[in-house]
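Since this is a predicted model, take the numbers as computed values, not measurements. Note: hydrogens, waters and symmetry copies are ignored here, and every other heavy atom, side chains too, is used. Here is the naming used below: chain letters follow the sequence lines, and residue numbers restart at 1 for every chain.
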Protein chains: 2
Amino acid sequence: MIVKESTLDQTLIALADPTRRAILQHLSKGEARVTEIAAPFDISLNSVSKHIRILERANLVRRRKKGREHLLSLAPEPLDEASSWIESHRALWSGRLAELDNLLGSNKK
Amino acid sequence: MIVKESTLDQTLIALADPTRRAILQHLSKGEARVTEIAAPFDISLNSVSKHIRILERANLVRRRKKGREHLLSLAPEPLDEASSWIESHRALWSGRLAELDNLLGSNKK
DNA sequence: TATAAATTCACCCTTATGGGTTAATATAGT
DNA sequence: ACTATATTAACCCATAAGGGTGAATTTATA
C-alpha cells in the first residue's frame with residue numbers, strides 16, 4: 001500500500017527513463033509542442049504523450065495550451081530536491097568509506 | 001524494446017523507492033545482514049531481499065557471504081553518475097530559465 | 001461547413017514492481 | 001544426525017510502465 005508517494009519518488013521515477021531524459025534535454029532548448037518532441041523518436045506520438053504525462057506528474061514539465069497546440073516547457077525546481085538528496089548522501093557515504101579505509105589501513109600489521 | 005539499460009537508469013530506478021532509500025540510509029551506518037536491514041520494516045523479509053537485489057543490480061550495494069549470513073555494504077560510486085547528470089542539467093536549465101526571465105523582463109513595456 | 005491537424009482517450013498486450021506465502025538451500029549449533 | 005537460523009527460490013496477486021492501435025476531441029483553416 002502506498003502511503004505518501006513523495007515528489008522525490010516521482011522525480012526519480014521520471015528521470016529513470018532515457019526517453020524522458022531525452023525529452024527534458026530537448027526542452028532545455030526551449031518550449032516545444034508534443035509533435036516536435038516526438039519527432040526524433042521512433043515510438044508513437046501516443047507513447048511520447050504518456051512520457052510527458054509522467055514528467056508533468058513529477059512537475060518537471062509544464063504545459064500551456066495555445067489553440068490546438070500544447071506547449072511544453074521545463075520546470076527544473078524538482079531537480080533541487082533530487083540533487084540535494086543524492087549529493088548529501090553521496091558526501092556522507094564517501095566520507096564513511098574513506099574513514100573505514102583509514103581504520104583498515106592503520107590496523108594492517 | 002530495451003536497447004541498452006544504462007547504469008544510470010538502474011541507479012535512478014533503485015533510488016526512486018522510499019524503502020530502498022531507507023535501506024541505503026541504514027547501510028550508511030555500516031555493514032548489515034539482510035535480517036537486520038529488514039527489521040524496521042513491516043514488510044516481509046522476502047520483499048526486503050528483493051529490494052536489495054535491485055540495489056545490487058544498480059551496484060549501490062555489495063554483498064559478501066560469511067557463513068550463512070549475507071553482509072551488505074554500501075557502494076556509493078553509482079551516485080556520482082546520477083549526481084552529475086542531475087547537477088549539470090539543473091545548472092543548465094536554471095540558467096536558461098533565468099535568461100528567459102531576463103528577456104521577458106526587458107521586453108515588458 | 002467540411003476538412004485537416006494536434007492531442008488525448010480508451011482500449012490491448014507484455015513485462016516489471018512490490019507485496020505476499022510456502023518451499024528449498026546452506027550453514028551453525030547441539 | 002537433528003534442529004534452528006539466514007537467506008533465497010518459486011510461486012501467486014495486483015498495479016504500473018511502456019509499447020501499440022484506433023476513435024474522440026478540440027481548434028484552425030480552406
Side-chain angles (χ1 to χ4, degrees), chain A residues 1-24 26-27 30-73, chain B residues 1-24 26-27 30-73:
Chain A
M1 182 194 9
I2 291 167
V3 174
K4 204 184 182 182
E5 196 85 41
S6 80
T7 54
L8 179 55
D9 292 1
Q10 295 305 321
T11 303
L12 291 170
I13 289 170
L15 294 179
D17 180 277
T19 302
R20 287 194 289 268
R21 288 198 300 276
I23 290 174
L24 291 175
H26 183 122
L27 285 178
E31 240 184 4
R33 291 177 310 141
V34 177
T35 313
E36 289 164 0
I37 293 169
F41 302 102
D42 66 345
I43 59 180
S44 74
L45 189 62
N46 218 315
S47 276
V48 174
S49 180
K50 287 182 199 172
H51 281 300
I52 292 171
R53 217 182 315 135
I54 291 176
L55 290 167
E56 286 185 283
R57 186 184 65 183
N59 297 309
L60 282 164
V61 155
R62 264 190 301 260
R63 180 189 305 251
R64 104 187 143 83
K65 293 183 189 175
K66 188 186 167 191
R68 61 187 164 178
E69 302 177 345
H70 294 209
L71 294 166
L72 287 319
S73 59
Chain B
M1 183 195 8
I2 290 167
V3 175
K4 205 183 181 183
E5 197 85 41
S6 80
T7 54
L8 179 55
D9 292 1
Q10 295 305 319
T11 303
L12 291 170
I13 289 170
L15 293 179
D17 180 277
T19 302
R20 288 193 288 268
R21 289 198 301 275
I23 291 174
L24 292 175
H26 183 121
L27 285 178
E31 241 185 2
R33 291 179 309 142
V34 177
T35 313
E36 289 163 1
I37 293 169
F41 302 102
D42 66 345
I43 59 179
S44 73
L45 189 63
N46 218 315
S47 276
V48 173
S49 180
K50 287 182 199 172
H51 281 300
I52 292 172
R53 217 181 315 135
I54 292 175
L55 290 167
E56 286 185 282
R57 186 184 62 183
N59 297 308
L60 281 164
V61 155
R62 262 191 301 261
R63 179 189 306 250
R64 102 187 145 84
K65 292 184 191 175
K66 189 186 168 191
R68 59 186 166 179
E69 301 178 344
H70 294 208
L71 294 166
L72 287 318
S73 59

How many Å lie between [atom1] on [X] and [atom2] on [N], as a whole number?
{"X": "Asp17(B)", "N": "dA16(D)", "atom1": "CG", "atom2": "P", "answer": "14 Å"}
{"X": "Asp42(B)", "N": "dG19(C)", "atom1": "CG", "atom2": "P", "answer": "10 Å"}
{"X": "Glu69(A)", "N": "dT27(D)", "atom1": "CD", "atom2": "P", "answer": "12 Å"}
{"X": "Asp9(B)", "N": "dT15(C)", "atom1": "CG", "atom2": "C1'", "answer": "16 Å"}
{"X": "Ile52(A)", "N": "dA17(D)", "atom1": "CD1", "atom2": "P", "answer": "16 Å"}
{"X": "Phe41(B)", "N": "dG18(C)", "atom1": "CZ", "atom2": "C1'", "answer": "13 Å"}
{"X": "Arg20(B)", "N": "dG18(C)", "atom1": "CZ", "atom2": "C1'", "answer": "9 Å"}
{"X": "Lys65(A)", "N": "dT26(D)", "atom1": "NZ", "atom2": "P", "answer": "9 Å"}

[Y] side chain reached by [X] side chain, heavy atoms, under 4.5 Å:
{"X": "Arg21(B)", "Y": "Leu8(A)", "answer": "yes"}
{"X": "Leu60(B)", "Y": "Leu27(B)", "answer": "no"}
{"X": "Ile52(A)", "Y": "His70(A)", "answer": "no"}
{"X": "Asn59(A)", "Y": "Thr11(A)", "answer": "no"}
{"X": "Ile23(B)", "Y": "His26(B)", "answer": "no"}

Quick one: salt bridge (charged side-chain N to carboxylate O under 4.0 Å, His left out) pairs with a partner in residues 35-48 of chain A, sequence neighbours left out?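 Residue pairs with at least one partner in residues 35-48 of chain A: Arg33(A)-Glu36(A).
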Below 4.0 angstrom from OP1 or OP2 of [N], is there any side-chain N or O of [X]?
{"X": "His51(B)", "N": "dG19(C)", "value": "yes"}
{"X": "Arg53(B)", "N": "dT7(D)", "value": "no"}
{"X": "Arg57(A)", "N": "dA16(D)", "value": "no"}

Consider the side chain of Thr19(A), meaning its heavy atoms from C-beta on, and name the nucleotide among dG19(C), dG19(D), dT7(D) that approaches it most closely. dG19(D)
Let's see if you can work this out: which of dA6(D), dG20(D), dG18(D) has an atom nearest to the side-chain heavy atoms of Ile43(A)? dG20(D)
Scan Leu45(A) against the nucleic acid and name what it touches under 4.0 Å (heavy atoms): base, sugar-phosphate only, or nothing. base
Heavy atoms under 4.0 Å is the rule here; annotate nucleotides 21-30 of chain C 5' to 3' with B where the base is hit, S where only the sugar-phosphate is, and - elsewhere. BB----BS--
Can a side-chain donor-acceptor contact be found between Ser49(A) and Asn46(A) if the only test is distance below 3.5 angstrom? no
